[in-house]
Chemist: 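Can you keep this structure in mind? I'll have questions shortly.
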Amino acid sequence: MTLVVTPHCAKIVETIACNAGHLALSHFNKLSTLPVETKGHLDLVTVADQEVEAFITRALIDAFPDDGVFGEEGASRHSRSGRTWVVDPIDGTFNFVRGSDQWAVSIGLYHGGRPVFGVIHVPVRAQTLVGGEGYASTMNGAVMETRMGMKADQAACGVGFHPVIPIDLRLNTLRFVLEEAQMTFRSCGSATLSLIEVALGQVDGYLGTGESTWDLMAAIPILEQIGIGCTVNWTQTDLNDKLRFACGTQEFLDAVAPMFPVGTTLALN
């Protein structure tokens with residue numbers, strides 16, 4: 001098997017993510033003086049997001065000059081190799097601004113029309129997750145356990161909604177979770193952190209509505225190596241699309257299939 005990401009390359013990206021996390025943490029430790037702007041209602045961006053993305057972009061270009069880069073805050077570099085690094089400098093900016101530990105640096109590799117490798121670094125929690133095709137998924141160097149099953153009397157899922165999602169769609173989703181799927185739910189405000197909860201078995205799955213590709217590009221390859229599936233149809237997905245998807249154990253995906261079948265798309269009127 002030919003690896004899209006060599007071990008040397010994987011280590012470089014892990015180092016970039018951790019160094020980016022240190023930069024983000026330096027801003028996090030002085031929140032009282034951090035300028036905050038809005039991209040929309042409850043949709044925030046800070047100097048930290050912009051500086052961290054710029055740092056990651058420069059580092060990736062230096063390390064892989066033929067690769068492309070696509071970032072939440074506007075980074076865009078054409079790929080000559082067929083590989084594109086998809087960057088979310090701080091997933092969970094709202095949490096970051098409020099002083100929560102639920103935010104992360106996310107770097108995923110898009111190749112052949114799908115996610116194939118990812119690195120996630122959670123600075124405040126000192127967690128680093130790495131995994132993808134040809135790699136066992138690890139957290140802080142330890143191989144992660146395979147996830148399977150779902151206990152009906154303990155069923156739980158994470159849910160996430162972009163601020164632009166209509167209230168009716170949010171309520172319908174929660175109604176389905178509570179009444180039909182018979183689960184409890186959590187909402188932490190970061191798709192990446194929610195997907196880490198899935199990876200650690202703290203919830204059985206995650207339902208995302210309105211997330212962008214950069215919110216899950218790193219997490220999906222990591223999760224796939226430990227038995228976690230996702231309903232995104234990447235063959236019909238553009239990097240600029242907003243997504244509506246389920247991610248979890250097969251039993252979880254079966255339970256939510258009536259509302260989140262494979263290939264579910266987001267249509268907003």
Chemist: Can you check whether F64 reaches V13 side chain to side chain, under 4.5 Å on heavy atoms?
Modeler: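 Yes, close enough: below the 4.5 Å cut-off.
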Chemist: Given side chains that start at C-beta, do those of I196 and V122 come closer than 4.5 Å, heavy atoms only?
Modeler: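 Side-chain contact under 4.5 Å: yes.
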Chemist: Counting distance only, does the side-chain N/O of D66 pair as donor-acceptor with the main-chain N or O of S81 below 3.5 Å?
Modeler: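 Side chain of D66 to backbone of S81, a donor-acceptor pair under 3.5 Å: no, none is there.
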Chemist: Hey, are the side chains of T173 and R170 touching, using non-hydrogen atoms and a 4.5 Å cut-off?
Modeler: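 No, too far: nothing below the 4.5 Å cut-off.
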Chemist: For residues H111 and T84, determine if any side-chain heavy atom of one lies less than 4.5 Å from a side-chain heavy atom of the other.
Modeler: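 No - every pair of side-chain heavy atoms lies 4.5 Å or more apart.
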Chemist: Among side-chain atoms of N172 and R175, is any donor-acceptor pair under 3.5 angstrom?
Modeler: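 On atom types as modelled, these side chains qualify, holding a pair under 3.5 Å.
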Chemist: Hey, is the main chain of F96 close enough, under 3.5 Å, to the side chain of S100 for a donor-acceptor pair?
Modeler: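 Looks like no, no N/O pair under 3.5 Å.
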Chemist: What pairs with Y206 under ring-ring contact (aromatic ring centres under 6.0 Å, His included), at least two apart in sequence or on another chain?
Modeler: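 Testing Y206 for ring-ring contact (aromatic ring centres under 6.0 Å, His included), a comparison that skips the adjacent residues, returns F245.
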Chemist: Go through the side-chain N and O atoms of D88 and S106 and say whether any donor and acceptor fall under 3.5 Å apart.
Modeler: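 Short answer, no.
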Chemist: Pairs of donor and acceptor atoms involving the side chains of residues 23-31, under 3.5 Å and at least two apart or interchain, shall be tabulated with distances.
Modeler:
unit_1: S26; atom_1: OG; unit_2: L23; atom_2: O; d: 2.5
unit_1: H27; atom_1: NE2; unit_2: E51; atom_2: OE1; d: 2.8
unit_1: N29; atom_1: ND2; unit_2: L25; atom_2: O; d: 3.2

Chemist: With a 3.5 Å cut-off and sequence neighbours excluded, list the donor-acceptor pairs that the side chains of residues 253-264 form with protein atoms.
Modeler:
unit_1: D254; atom_1: OD1; unit_2: Q250; atom_2: NE2; d: 2.9
unit_1: T264; atom_1: OG1; unit_2: P261; atom_2: O; d: 2.4

Chemist: Enumerate, atom names and distances included, each donor-acceptor pair closer than 3.5 Å involving a side-chain atom of residues 142-160, sequence neighbours excluded.
Modeler:
unit_1: R147; atom_1: NE; unit_2: A199; atom_2: O; d: 2.9
unit_1: R147; atom_1: NH2; unit_2: L200; atom_2: O; d: 3.0

Chemist: Within a reach of under 6.0 Å around CZ of R125, are more than 12 heavy atoms found that belong to other residues, nucleotides or ligands?
Modeler: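 Yes.
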Chemist: With sequence neighbours left out, what residues match T249 under side chain to side chain donor-acceptor pair (under 3.5 Å)?
Modeler: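 Partners of T249 under the side chain to side chain donor-acceptor pair (under 3.5 Å) test: none.
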Chemist: With rounding to the nearest 0.5 Å, note down the distance linking NE2 in H162 to OG in S212.
Modeler: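 Taking NE2 in H162 and OG in S212, the distance rounds to 6.0 Å.
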Chemist: If the test is side-chain contact (heavy atoms from CB on, under 4.5 Å), which one of T209, T231, T237, T265 qualifies with L243?
Modeler: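 Output: one option passes, namely T237.
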Chemist: With heavy-atom distances below 4.5 Å as the criterion, would you say the side chains of I61 and R58 are in contact?
Modeler: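 Counting from C-beta outward, I61 and R58 never come under 4.5 Å.
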Chemist: Please answer whether the main-chain N or O of E179 pairs with a side-chain N or O of Q182 as donor and acceptor at a distance below 3.5 Å.
Modeler: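 Here the side-chain-to-backbone pair exists.
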Chemist: Same cluster or not: I16 versus V105, using hydrophobic residues (I, L, V, M, F, W, Y) connected whenever any side-chain heavy atoms lie under 4.5 Å apart?
Modeler: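 Hydrophobic grouping puts I16 with V105.
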Chemist: Within the 4.5 Å heavy-atom criterion, are L223 and S137 side-chain neighbours or not?
Modeler: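 They are not in side-chain contact.
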Chemist: Same hydrophobic cluster for V119 and I226, using side-chain heavy-atom links shorter than 4.5 Å among ILVMFWY?
Modeler: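 V119 does not cluster with I226.
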Chemist: Following the transitive rule for hydrophobic clusters with a side-chain heavy-atom cut-off under 4.5 Å over Ile, Leu, Val, Met, Phe, Trp and Tyr, establish whether V116 and Y135 coincide in one cluster.
Modeler: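 Cluster IDs for V116 and Y135 match.
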Chemist: Checking E53 side chain against E73 main chain: does a donor-acceptor pair fall under 3.5 Å?
Modeler: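 Between the backbone of E73 and the side chain of E53 there is a qualifying donor-acceptor contact (under 3.5 Å).
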Chemist: For E211, does its backbone N or O pair with a side-chain atom of R244 as donor and acceptor, under 3.5 Å?
Modeler: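 Absent.
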Chemist: Just by distance, do the side chain of D91 and the backbone of T192 share a donor-acceptor pair under 3.5 Å?
Modeler: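 Yes, D91 side chain to T192 backbone: donor-acceptor pair under 3.5 Å.
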Chemist: May I ask whether W214 and W234 are part of the same hydrophobic cluster, defined by side-chain heavy atoms of I, L, V, M, F, W, Y residues being less than 4.5 angstrom apart, directly or through others?
Modeler: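 In one cluster with W214: W234, yes.
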Chemist: Between R83, R77, R80, H78, which is the residue that forms a side chain to side chain donor-acceptor pair (under 3.5 Å) with D67?
Modeler: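 With D67 as partner, R83, R77, R80, H78 yield a single side chain to side chain donor-acceptor pair (under 3.5 Å), made by R83.
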Chemist: For a 4.5 angstrom cut-off between non-hydrogen side-chain atoms, does F252 reach V198?
Modeler: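 Result no, sub-4.5 Å side-chain heavy-atom pair not found.
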Chemist: Strictly distance-based, threshold 3.5 Å: is any side-chain N or O of D49 a donor or acceptor partner for the main-chain N or O of T93?
Modeler: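 No, D49 side chain to T93 backbone: no donor-acceptor pair under 3.5 Å.
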Chemist: Please determine whether residues I222 and V130 belong to a single hydrophobic cluster, defined as Ile, Leu, Val, Met, Phe, Trp and Tyr linked transitively by side-chain heavy-atom distances below 4.5 Å.
Modeler: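 I222 and V130: separate clusters.
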Chemist: Exactly one of V5, I107, V4, I220 should register a side-chain contact (heavy atoms from CB on, under 4.5 Å) with F117. Which one does?
Modeler: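 That would be V5; it is the only one of V5, I107, V4, I220 passing the side-chain contact (heavy atoms from CB on, under 4.5 Å) with F117.
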Chemist: For the residue pair W85 and F70, is the inter-centroid distance of their aromatic rings smaller than 6.0 Å?
Modeler: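 Centroid separation for W85 and F70: 6.0 Å or greater.
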Chemist: Applying side chain to side chain donor-acceptor pair (under 3.5 Å), can you list everything that pairs with D238, at least two apart in sequence or on another chain?
Modeler: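 D238 satisfies side chain to side chain donor-acceptor pair (under 3.5 Å) with N240 only.
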Chemist: Check whether any side-chain heavy atom of P123 sits under 4.5 Å from a side-chain heavy atom of H121, and report yes or no.
Modeler: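 Yes. Closest side-chain heavy atoms under 4.5 Å.
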